[in-house]
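First comes the structure, then the notes that go with it.
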Amino acid sequence: MKKIILVITLSLSVLGFGQGNTHTQQAGKFEGLAMTPPMGWNSWNTFATNIDEKLVKETADIMVSSGLAAAGYNYIVLDDGWMTKERDSNGDLVADPVKFPNGMKALIDYVHGKGLKFGLYNCAGTQTCAGYPGTRGYEYQDARFYAKLGIDFLKYDWCNTKGITAPEAYTTMSNALKTAGRPIVFSLCEWGDNQPWEWGKPVGNLWRISGDIYPCFDCEFKHPENWSSWGFMKIAEMRKDIRKYSGPDHWNDFDMMEVGNEMNDTEDKSHFAMWCMLSSPLFTGNDYRKMSKETLAILTNKEMIAVNQDKLGIQGFKYSAEDGLEVWVKPLSDNNWAVTFLNRSDVAKKINFDWKKHSFKDVDFGYEADFSKTVFKLKDLWKNKETGNTKKNFVADLASHDSVTLRLIP
Ligand code: GLA
């Protein structure tokens, strides 16, 4: 009898019917999907949950026809509000049939047909921040759902997560995506509350480092429910010291941009310059259908985008701040540097910068520019023209909240 049982047990395990997991689980993010900061459009800043098929198609059309796609923007990401309030009887997520009458797959095919990529949003908790079904307990099922739909990017938020820990929850979803098998950029969005820069590198390709952005230069907007949104300079300031954690395929994400929303063109220009200097992912958050030519010119400035997309992928740092005049610098490949002079104050300022009295030292990445030894040519990246070299002082007038960005070329 014993012999028979042994034979049965052995043959079952040879056939793979033994106890244990026959499903191969993969771990770790898809590597190499975001070697430069991802660029695209996200629906949240302008539309919140008022999103639909028409908006997405028009946005994709304009991304291509306006030159935004040619400038590098290629992800269309639908944020919160794309689902129905309940999962279906199989437990699957459902795209809202009123907002997306032809279904999500057809829309994704449309966006792919334009040569663009597509992203969706969900949350690690039981519900999303806007009250739609969250992923908690459905990680592997949802990952298979996304892979089958053919998405390329998942933003994964952090509302309604009582009782779970961020590194575990994000690792579970990352592994689920990997196991589902379709390469999907994984965008962590837990607002920097659990220091994702310390554990996020094997888990995701980018991570938010702050609470939500607000369309203002330097303000804090206090919500009645006891949380704050932040002007772009507040976010830049708040996370300037975690730059060593950011780099190719693991970016500090300073949030979707507010360019073209409620600030003036001067502030928008400075906002865009800062996101380029900080190597932040560049997600536009405006309504392309109402975009002014000034906004489009800011977002498609190729010289600025080259600073953001530089292959070294080094987040810039604040070199100095004096009397409201800030100098931010960023090492670039080929021993180039980008330098942004930014007037953070409420009054006009004059820059008179004597390069010979300065040297830039990047203590985190080991780069150095010593202007007493090396002369650099200067290129003004908004004017797209050369403007002397570092032998002479750089002199310019800056209105309040204005900035000028130079590329230094040895
Ligand atoms: C959070 C995120 C935002 C956005 C909303 C959606 O606040 O930080 O970027 O995704 O949720 O509800």
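Heavy atoms only: backbone and side chains are in, while hydrogens, waters and symmetry mates are out. Both ligands and their constituent atoms are indexed starting at 1 by order of listing.
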Please list, in number order, the atoms of ligand 1 under 4.0 Å from a heavy atom of [X].
{"X": "Y121", "answer": "6 (C), 10 (O), 11 (O), 12 (O)"}
{"X": "C129", "answer": "1 (C), 11 (O), 12 (O)"}
{"X": "K155", "answer": "3 (C), 4 (C), 9 (O), 10 (O)"}
{"X": "M256", "answer": "9 (O)"}
{"X": "W44", "answer": "4 (C), 5 (C), 6 (C), 12 (O)"}
{"X": "R208", "answer": "8 (O), 9 (O)"}
{"X": "C189", "answer": "2 (C), 8 (O)"}

(message) Ring centres under 6.0 Å, that's the criterion: do F217 and H271 meet it?
(response)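 No, ring centres 6.0 Å or more apart.
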
(request) Identify the heavy atoms of D79 and I51 that sit nearest to each other, and give their distance. (result)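 The pair with the smallest heavy-atom distance is O-CD1, 3.9 Å.
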
(message) If we ignore hydrogens and angles and just use 3.5 Å, is the side chain of N389 paired with the main-chain N or O of K391 as donor and acceptor?
(response)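 Indeed, once roles are kept as given, a pair shorter than 3.5 Å links the two residues.
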
(request) Using atom types as modelled and distance alone, determine if a side-chain donor or acceptor of K57 lies under 3.5 Å from a backbone N or O of V111. (result)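 Checking the backbone N and O of V111 against the side chain of K57, no donor-acceptor pair under 3.5 Å is found.
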
(request) Kindly confirm or rule out an N or O of W227 lying under 3.5 angstrom from an N or O of ligand 1. (result)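 No, since none of the N or O atoms of W227 sits under 3.5 Å from an N or O of ligand 1.
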
(message) With nothing but distance in play, are any N or O atoms of W191 less than 3.5 Å from an N or O of ligand 1?
(response)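 It does: an N or O of W191 is found under 3.5 Å from an N or O of ligand 1.
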
(request) Run the salt-bridge test on R87 and D142 with the 4.0 Å N-O cut-off and return the result as yes or no. (result)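 Counted as a salt bridge, because a side-chain N and a carboxylate O are separated by less than 4.0 Å.
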
(request) Using a strict cut-off of less than 4.0 Å between a Lys/Arg side-chain nitrogen and an Asp/Glu carboxylate oxygen, indicate whether K234 and E220 qualify as a salt bridge. (result)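 Looking at E220 together with K234, the answer is no, because their closest N to O distance does not fall below 4.0 Å.
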
(request) Using a 4.0 Å heavy-atom threshold (strictly under), name the region of D157 that reaches ligand 1: side chain, backbone, both or neither. (result)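 Within the 4.0 Å criterion, D157 contacts ligand 1 through side-chain atoms alone.
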
(request) Name the orientation class of the two ring planes belonging to H223 and Y214 (parallel below 30°, tilted from 30 to 60°, perpendicular beyond 60°). (result)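 H223 and Y214: perpendicular rings.
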
(message) Does the residue D79 have a heavy-atom contact with ligand 1, meaning some pair of atoms that are separated by less than 4.0 Å?
(response)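 Right, D79 reaches ligand 1.
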
(request) Apply side chain to side chain contact (heavy atoms under 4.5 Å, CB included) to F341 and L406, showing your working. (result) CA-CA 9 Å; F341 298 90; L406 305 175; 3.8 Å; yes

(message) Here's a test for you: under salt bridge (charged side-chain N to carboxylate O under 4.0 Å, His left out), which of K244, K240, R243, K330 qualifies with D364?
(response)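 Only one option passes, and that is R243.
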
(request) List the closest protein heavy-atom neighbour of atom 12 (O) of ligand 1: residue, atom name, distance to the nearest 0.1 Å. (result)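 Checked against all protein heavy atoms, atom 12 (O) of ligand 1 sits closest to D80 OD2, 2.8 Å.
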
(message) Which residue and atom name correspond to the protein heavy atom nearest atom 7 (O) of ligand 1, and how close is it?
(response)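 Checked against all protein heavy atoms, atom 7 (O) of ligand 1 sits closest to D212 OD2, 2.8 Å.
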
